[in-house]
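The block underneath contains the structure these notes are about, expressed in C-alpha cells.
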Amino acid sequence: MSIEVSFYPQDIAFAEEGAIIFGITQDKKRILILDRLYVPYFLLPRENLLKLRDACRENNLQIAHTQYEGELTRVFVKPKDFVEVARTAKKISSKLYNSDIPLKKRYWVDKKVNPSTLCKVRGEVYSQMKYRADVAVNAEHIESANVAYQPSILAFDIETASEQAYPDAKKDPIIMIAFYSENTKRVITWKRFPSANPENVKFVDSEAALIEEFVQTIKDNRPELLVGYGSDNFDLPYLATRAKKYNIKLNSGWDDSEIEIDARKPAKITGLPSIDISYFARRILDLDTNNYGLDLVAKKLLGKGKLGKLGAAKINEIWSVGLDEELKFLSDYNLTDAQLTFEVANKILPVQLELSKLTGLALRDINYITYGALVEWFIIKNATILIPQKPSPAEIYARRKKSYVGGLVVEPRPGLYNDICCFDFRSLYPSIIASHNISPETINCLCCQFRGGYRAENSKVWFCSKKPGLMPALVKDLVERRKRINEILKQTPSNDASFAELMARQHALKYIAAAFYGYMGYPGSRFYSYECASGVTELGRKYIGLVIREAEKFGFKVLYGDTDSLFAETQGADAEKFLAIINSILPPPMELEFRAKYKSGLFLERKTGSGGAKKRYALLTEGGSLILRGLEAIRGDWSNLAKKGQTEILQILLEENDIEKAEKHLHSLISKIEKRDVKIEDLVINVKLTRPLETYQAQGPHVVAAKIARDKGQAVGRGFAVRYIVVAGGDKVSSRVKLAEDASIEDYDPEYYVNQQLLRATYKIFELFGYSLEKLKAGQTTLEGYGN
DNA sequence: TATCCCTACGATGTCG
DNA sequence: CGACATCGTAGG
C-alpha cells in the first residue's frame, strides 16, 4: 500500500538497507521511514579513480556509481560502505572533498530537508519487527513541509542520598526523581510522607521500583524531547549505575535498546532525542556568568532560580531523618529543578530551532554544538564550493604555531570626564569580510594582480574585487537578514506573539555571523585561512584608526578605543554630522553607529608601569546607571568587599564628583574591616581551576586552597570553584588561605583585606585626584588617631 | 565532537 | 630585590 504522511523527524540511524528515520506523525503515532535511495558521495581527483576501484574490489566494497566533474570524479557509495570506501580513498588520494562528514548529520543537508520542520514522506507501507513503531514506510520521496516544529518536552531531575560530601553511585541510592512536562508534573520517591500532594507525588516501595517507574514514565509519556540539566554527566550515568545494581534495563529506545550512557558522550536513546541543555548554555549562550549551574542560568534566562540552596549533605540529612515537612520541601525542590529545566529548555528552544534551520542539523546536534561547528555547518549547508577535509592533527599543530595580530586597542587618557559619547562599528568583522570580499578562494586572484583587488595596507595579499567569494556572500546574507529582522523587531511590541521568534532568529543569525571571522582563523577549521583572518583584523585596525583620526579632526576628544569602538568627549561636536561623513567614506555594509551618550566616565591608569590602563573603565549612562568594564568590581576572583567598595566609590565620583565624600566612604569601609564588622561571604575569593590539580607548576593561593579541599575528600578537578579567605600569618598569601566553608569571622586578616583588596581596588581612582596610596592610609590613622 | 579569534591587566609565585 | 613565568579573568 502506498501512502503519504507528514511527520516530525526525531532521530536517524544507518543500517544495511539504508537510512532509518524515526518520526512522530501529527497525531502522535510513531513512524519509521526507511530510505534506501539515499546515496551519499565524495569527490577525488579523476586520476585516482582506477586505484580506488581496485582497492574497493580487493576489500569487497561497492561503489554505486561515479560521475566526472572536470578534474574530479564524484563517487557515490551506499551508506553501509561509505565510511570504508572514504577511508580507502584517503589512503590513495591526499586531495578529497565531502568525504569525512558524518552521514547522520549530512543526511538532511544532502536531502535538502530541514529536520526541525514537519516533513512529508511518500512510499510503500511495509512491516518490520525490530522497532516499536506504529507504521513503517519504505520511502520513495521525502520533503520538508516547512511547518514549524514544536516538540513536546519532558524534563527530569534526580536527587540522591550521599553518605560523604558527594554522592557515590556505588553506595548512595537515588531517592527522588522529578518529571515536568506540559501535562506531567510529578515527583516519584520511595519514602512516604503525609503532607505530600497526591497529584504531584507518587510513592513507590523501593529504589528499584523508582528506577522502573523512570523508564515507564518515559515510555508512557512519549516525549519528543527528553531534557535534563547536567544529566549527561550526572543524572543518567548515576541512573545507569543504580539500574545495573538491580538488573533493571533502561530500555527506552524504540527497539527496546537501553539508553547508551558513557560519561564522556551525550546520552543516546534510539528514536528519542535526549539532550542535556547545560551544554548549549555553556557553549553557545553568552550569559555573562562564570557559573553555568541551573540556578544561575535559570536566573539569567527566566528571572527565577532554585527553591533554595540544598547541599548534598542537607539532602542526605533530610532523607535519613525523614521529617514530613522537610521531605515535602525536598520534593518541591526536586520538582522545581525539573520545572526550571523544562522552562529553560523552552526558552532556548526557539534559538535552537533557528540554528537548526540555518545549519541543517537536527535539534539534538545543535544542543551539543560548538561555535566552530556551528559556522562550519552553516557553510556546508550553503556551500557552492567543495568541502575540504578536516585538517590532520599535524596540520592543526602547524597552524596553531602561526598567530596573527588582532584588534587595535588605543591607550586611554586617564581621568574623569563629562559628556562622553561612544561610537562603534555595526558588526565590524562580518562587515569587513563582506565589503572586502574576504574568502579563501578570492586570495591573490590573477584578475586583480595589477588592477583592483582589496588590499590591506601592509599586506602582500589582495582579495578579488570582481568575483564574489563564498564567505562574503554568506556573511552578507546573515548580516542583511539580521538587519531586516531587527527593523521589524523595533516595531513589534515585546508581548506580540511573533516577538520571541523574531528575537530567536536575530540571535541565531548573530551567533553565526559573529563567529565567522574567528572560524577562518581557527586551526581546526575546514576553511582555515591565515590570510583571511589576519586580513580581517588588519583592515579592522585600519578603519578604527581612521575613524579615530577623523573624530579628532571633527572636534571630538577621543579618550579611548578598542577594536571597533571609540569613546570621546563630545566638546560640542555634532555626532550626526560626523556619522554621515564617516559613513559616506566607509565601503558598505561597513557602518559606524552612535551607541550611547554618557553623563560621565572615568578611565584609569595602569597599576604597574605607566599610562592609561586598557580595558578598564567606568561610565555613567544618561539614565543614571553605572557601567563598569574590566574593573575588579566585575571580576569573579575578587572579594565582594573590594567589589562593593569600588562600585560605591565610583558611583559617588561619577554621580556627584565629590572626592572628599568618596574618601570618607573609603575610610568608613576600612574601619569596618578592622573592627570585623563584615560578613564572611563578603571576604570570599572565588577562583576556578582551569586544569587538573596535579598539573599546576605555581602554587598560587587558589591551588593551595584546592588541595585543602581535595584532602577533605571533595572531588576537585578541572572546573572546580575554589572558595577561600585569607587569614593572618606567614608572608606568602598561599600559606594563609582557609576554605570559606571552614572560616569564621575571627579568622580573616584585616590587613590583607584593607591593603590587598579594598585599597588595591580603589587607590588608582583616588590617585587621579591627587591622592597617594600613603596619603590614603595616613588619612586613616589621622582619622583614628585624631589630630596626628 | 572537540572546544571561533586576539589583546590586556594584575596578583602571585619562582628564581637568580 | 627585581625580572619573569604562571594563572585567571576580562574586553571586544
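None of the values given here were measured: they were computed from a predicted structure. Letters A, B, ... are given to chains in the order of the sequence lines, protein chains preceding strands, and every chain is numbered from 1.
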Would [X] and [Y] count as having a side-chain donor-acceptor pair, cut-off 3.5 Å?
X	Y	result
A:Ser431	A:Ser435	no
A:Gln352	A:Asn367	yes
A:Asn233	A:Tyr279	yes

Under 4.0 Å between a side-chain N or O of [X] and OP1 or OP2 of [N]?
X	N	answer
A:Arg691	C:dC7	yes
A:Thr563	B:dC6	no
A:Gln756	B:dT12	yes
A:Lys732	B:dT14	yes
A:His702	C:dG8	yes

Base, sugar-phosphate alone, or nothing: which one does [X] contact when heavy atoms must sit under 4.0 Å apart?
X	result
A:Tyr696	sugar-phosphate
A:Tyr617	sugar-phosphate
A:Arg635	base
A:Pro523	sugar-phosphate
A:Ile634	sugar-phosphate
A:Tyr752	sugar-phosphate
A:Val375	nothing
A:Tyr429	nothing
A:Arg283	base
A:Ser734	sugar-phosphate
A:Trp377	nothing
A:Pro102	nothing
A:Val536	nothing
A:Gly518	base

Worksheet item: Do the charged groups of A:Glu632 and A:Arg635 touch, with an N to O distance under 4.0 Å?
Response: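 No, A:Glu632 and A:Arg635 are not salt-bridged.
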Can you measure [X] atom [atom1] to [N] atom [atom2] for me and round it to whole angstrom units?
X	N	atom1	atom2	result
A:Asn686	C:dA10	CG	C1'	15 Å
A:Arg606	B:dA8	CZ	P	10 Å
A:Tyr517	B:dC6	OH	P	6 Å

Discussion item. To the nearest 0.5 Å, what is the distance between CZ on A:Arg481 and CG on A:Leu478?
Written reply: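 Those atoms lie 6.5 Å apart.
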Item to complete: Determine yes or no for a side-chain-to-main-chain donor-acceptor pair under 3.5 angstrom, with A:Arg526 supplying the side chain and A:Pro388 the backbone.
Response: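 Confirmed, A:Arg526 side chain pairs with A:Pro388 backbone.
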Worksheet entry | Nearest-angstrom distance, C1' atom, C:dG11 to B:dC4 |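 Between the two C1' atoms, the distance is 16 Å.
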